[in-house]
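Both ligands and their constituent atoms are indexed starting at 1 by order of listing. None of the values given here were measured: they were computed from a predicted structure. Side chains included, hydrogens not; waters and symmetry mates left out as well; all remaining heavy atoms used.
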Amino acid sequence: MKTLVTTIFLFGAAIAMAQQSDLQPPLRDLAARHDLLIGCCVNTGAFRQAAAGDEPRFAALLAEQMSILTAENAMKPKALVPRRGAYDWSVADAMFDFAERHGMQVRFHTGLWHRAVPDWLEGDDVADAERARFVEQHIQRVGQRYADRMTYWDVVNEPIDPKQPDGLRETIWKQALGDDYLHKIYRWAHEAAPDVKLVVNDYGIWNGGRKTDAMYELVKGMLDAGVPVHAVGFQVHLLGGEYPDPDRFEQTLRRFTALGLEVHVTEMDVAISKYDDDLSPEQKLQRQAEVYRRILEGGLRVDGFTVFQTWGLTDRWTWVDNFIDADDAPLLFDEQYQPKPAYFAVREVLAETAAD
Ligand code: XIL
């Protein structure tokens, strides 16, 4: 893994000399006018190939256009702790190095999730006490290791289930640590990394409704109890042909900023497979662009909207194809790294909307 880190270092130097694209000024500069960080998740495979020199455009575009990155999978417990007691920080560290060399922030994703659980912690034979011990130590280790390097931290990912009486998803972590498990975990995280802003991240909360209400109750309860939480992450995976209303999105965000929290779009992607078959491919991309525009416009109207991230950089690497079993194209750049109508829509909104 030393080789990966070294190659990335050399590669990083090469990017600094790489010719800039004609996409100027880059999104990150336009977003900065709004005190907004703009970014995406980084796929481990793409990152490795970029480090090996096989995908130079990936790293160059990422560094040029984006001011914040998130690991798609490399910082999840399953990737970090593949075996009991044996941590592998190599890819995570290399991503932090990359970000720092290019003046980018890092959102750590994610401390704990009901998915991406290490195999050795998953079986029925694992005692609750062992899981509880793991969580406390894991949060401390991540917090201490990256306290000065991460800006935001999705401490617990996707904790909401509006069908439960308490609004919380039943998970092995809740079972091991008790009903107030989020309070405990966020306190441990804050203790280990006091300057890092702690996020609760979830899907399906962007449009109001029961799940949004459950998230509101959760974070309000945390704040009332003095538990450190600083932001709510809205994933905004729009995979079913949704057409969001910017006013409604704005109103949803305002409920949370009224509590003093920041709000982030953390994982936006917009699938086109479910669009009406009557639309031409070009019309589908235009509609997709409009969806990105509406979410970003709604966000920019809200003080405290500080991060906008897509779940991937280019259509070459996207989880959507697997997730909805289609050959989709949900991101801002196409498989050849060319900017799509969605890219230009994001650009226009950032350039044309008046900054505060
Ligand atoms: C996804 C990754 O993109 C996939 O590669 C992986 O197989 C599963 O996880 N919500 C989240 C992300 O918070 O971590 C998920 O990422 C997508 C849904």
- Salt bridge flag under 4.0 Å for residues Lys284 and Asp276: no

- Hey, does the Lys NZ or Arg CZ of Lys211 hover above the aromatic six-ring of Tyr216, less than 6.0 Å from the centre and inside 45° of the axis? no

- Ring centres under 6.0 angstrom apart (Tyr87, His138): yes

- Set of side chain to side chain donor-acceptor pair (under 3.5 Å) partners for Thr266, sequence neighbours left out: Asn201

- Please report the closest heavy-atom contact between Ile160 and Met215, naming both atoms and the distance. CD1-CA, 3.7 Å

- Item | ligand 1: protein residues within heavy-atom distance under 4.0 Å | Glu72, Asn73, Lys76, His109, Trp113, Arg115, Asn157, Glu158, Gln235, His237, Glu267, Trp311, Trp319

- Looking at Tyr243, does the NZ or CZ of Arg287 lie under 6.0 angstrom from its six-membered ring centre and within 45 degrees of the ring axis? yes

